[in-house]
There are 2 protein chains.
Amino acid sequence: MKNNATRDKLIDSGAQLISQQGYNATGINAVLKTCGVPKGSFYHYFSSKEDFGLAVIERFAASYDETLVALLEDNDTPPLERLRRYFAAGREYMHACDHATGCLIGNLGQELSGQSDTFRDALNLVFQRWEQRFVHCLKDAQTQGYIAIRTTPEALASFILTGWEGAILRAKTLKSVEPMVHFETILFQQVLVPSA
Amino acid sequence: MKNNATRDKLIDSGAQLISQQGYNATGINAVLKTCGVPKGSFYHYFSSKEDFGLAVIERFAASYDETLVALLEDNDTPPLERLRRYFAAGREYMHACDHATGCLIGNLGQELSGQSDTFRDALNLVFQRWEQRFVHCLKDAQTQGYIAIRTTPEALASFILTGWEGAILRAKTLKSVEPMVHFETILFQQVLVPSA
DNA sequence: CTTAAAGTAGACCAGTCAGTCTATTGTTTT
DNA sequence: AAAACAATAGACTGACTGGTCTACTTTAAG
């Protein structure tokens with residue numbers, strides 16, 4: 001009843017299709033087809049499409065959190081350099097997916113938070129966990145004197161996360177990482193600075 | 001064949017439903033039901049759902065551009081105050097819609113730009129027109145000495161628009177305008193400042 | 001008064017949706 | 001070996017999708 005190769009295959013295919021097309025536009029049959037699993041198995045592992053969607057979110061969040069920790073809590077690297085690497089990784093991914101996919105959590109947040117409170121809560125939690133990772137890194141930067149303490153790390157983390165998500169969205173419609181570059185440039189030039 | 005009350009009713013209802021539920025989740029029948037128009041009329045005015053969606057975008061953009069001009073090109077008001085008013089209006093709207101709707105263009109950009117190039121192009125154009133309105137206002141601010149000229153107005157406009165869109169997205173999943181407040185606060189405190 | 005076109009009206013179509021059902025196969029446990 | 005359960009398999013259902021079709025009504029032109 002727990003973990004299983006078939007279940008994993010379903011979640012993997014689902015994450016891929018949902019990333020590309022969105023939740024509503026991705027039919028269960030399409031997921032089944034891409035991984036060659038019959039419908040009976042799907043409803044053996046998941047009670048509904050919503051249940052499946054939540055599992056996709058959960059798994060993506062868990063996997064993404066690992067890379068987030070590796071990037072933002074690497075104490076061998078100066079805090080602002082960690083942030084730079086995070087942005088660079090995001091830009092690379094955006095380029096790799098031909099500017100079509102973006103951020104799964106951001107996509108679903110936009111599509112589903114007005115549609116289902118269950119999804120909204122789940123996505124909100126993911127965002128909040130991400131913000132905490134940023135807070136941790138920003139606190140390091142403040143105590144080490146790299147940035148001023150005129151703003152709380154929490155507010156700064158919110159600023160960075162929302163700005164970055166917005167830049168990703170804009171990059172999708174523009175089919176260019178230019179908005180992401182602009183965001184990063186101005187952020188490091190005027191916000192993440194030491195002097196008051 | 002041109003403008004008509006029925007056509008307008010369809011677009012109005014469509015804009016409302018699509019704002020709330022998204023494009024894919026909004027069926028044509030639902031639109032027809034909310035404004036009491038039969039299907040025959042719909043396909044008399046629009047050749048397809050995509051055609052309809054584009055008309056909804058076009059009309060929203062035209063109407064929104066008016067308020068944008070009124071806010072950002074009001075020469076009787078200092079440039080930064082114009083921006084403040086723009087953000088205040090956005091916050092008020094977000095509150096009025098119970099944090100559920102957000103920005104129609106942003107929503108559709110997220111949902112459709114990976115799905116249809118036609119939509120992506122249309123939405124991209126709208127964003128670019130908006131950016132130009134910001135550029136105009138920021139140039140005023142620079143020439144009047146309110147903000148430094150270390151960054152091009154174009155890059156700044158991109159930064160503001162993407163940051164704001166991201167804040168709206170985050171406000172939807174959080175059901176609070178807090179991210180929008182954080183964005184505005186830090187923007188005026190550290191980015192839109194005169195000194196180098 | 002006639003005729004053509006614009007617009008209204010909704011039954012209808014093939015296809016797809018999420019979800020159900022029964023039957024069968026694999027794998028343990030006893 | 002047998003019973004119990006997990007998992008596979010896919011045909012099937014009713015509701016709904018975007019879109020088509022024909023019939024009817026209104027408006028305007030000649």
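Below, chain A is the first sequence line, B the second, and so on; all start at residue 1.
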Please state how far atom [atom1] in [X] lies from atom [atom2] in [N], giving the value in whole angstrom units.
| X | N | atom1 | atom2 | value |
| --- | --- | --- | --- | --- |
| B/Arg7 | C/dG7 | CZ | P | 11 Å |
| A/Asp51 | C/dG19 | CG | C1' | 13 Å |
| B/Tyr43 | C/dT8 | OH | P | 16 Å |
| A/Gln21 | C/dT16 | CD | P | 14 Å |
| B/Asn24 | C/dC17 | CG | C1' | 13 Å |
| B/Phe52 | D/dG19 | CZ | P | 12 Å |
| A/Phe46 | D/dA6 | CZ | P | 17 Å |
| A/Leu10 | D/dA9 | CG | P | 12 Å |

Side chains of residues 86-100 of chain A: which donor-acceptor partners sit under 3.5 Å, not counting sequence neighbours?
{"residue": "A/Arg91", "atom": "NE", "partner": "A/Glu184", "partner atom": "OE1", "Å": "3.2"}
{"residue": "A/Arg91", "atom": "NH2", "partner": "A/Glu184", "partner atom": "OE1", "Å": "2.9"}

Check ion pair B/Glu131-A/Arg170 (N to O, under 4.0 angstrom): yes
A/Asp12/A/Lys9 ion pair, N-O < 4.0 Å: no
Residue-phosphate contact under 4.0 Å: A/Thr6 side-chain N/O, D/dT8 OP1/OP2: yes
B/Ile149 atom CD1: more than 12 heavy-atom contacts under 6.0 Å: no
For DNA chain D, the residues among residues 25-36 of chain B that have a non-hydrogen atom under 4.0 Å from it: B/Thr26, B/Gly27, B/Ile28, B/Asn29
Residue A/Lys39, side-chain atoms from C-beta onward, closest of D/dT8, C/dT8, C/dA18: C/dA18
Closest to side chain of A/Ser48, choosing from D/dA7, D/dG19, C/dG19: C/dG19
Side-chain donor-acceptor pair present, B/Asp74, B/Thr77, cut-off under 3.5 Å: yes
Polar side chain donor-acceptor pair, A/Lys175 to B/Asn124, under 3.5 angstrom: no
Beyond-backbone contact of B/Phe60 with B/Ile105, side-chain heavy atoms, under 4.5 angstrom: yes
Donor-acceptor pair under 3.5 Å, A/Lys49 side chain vs C/dG19 base: no
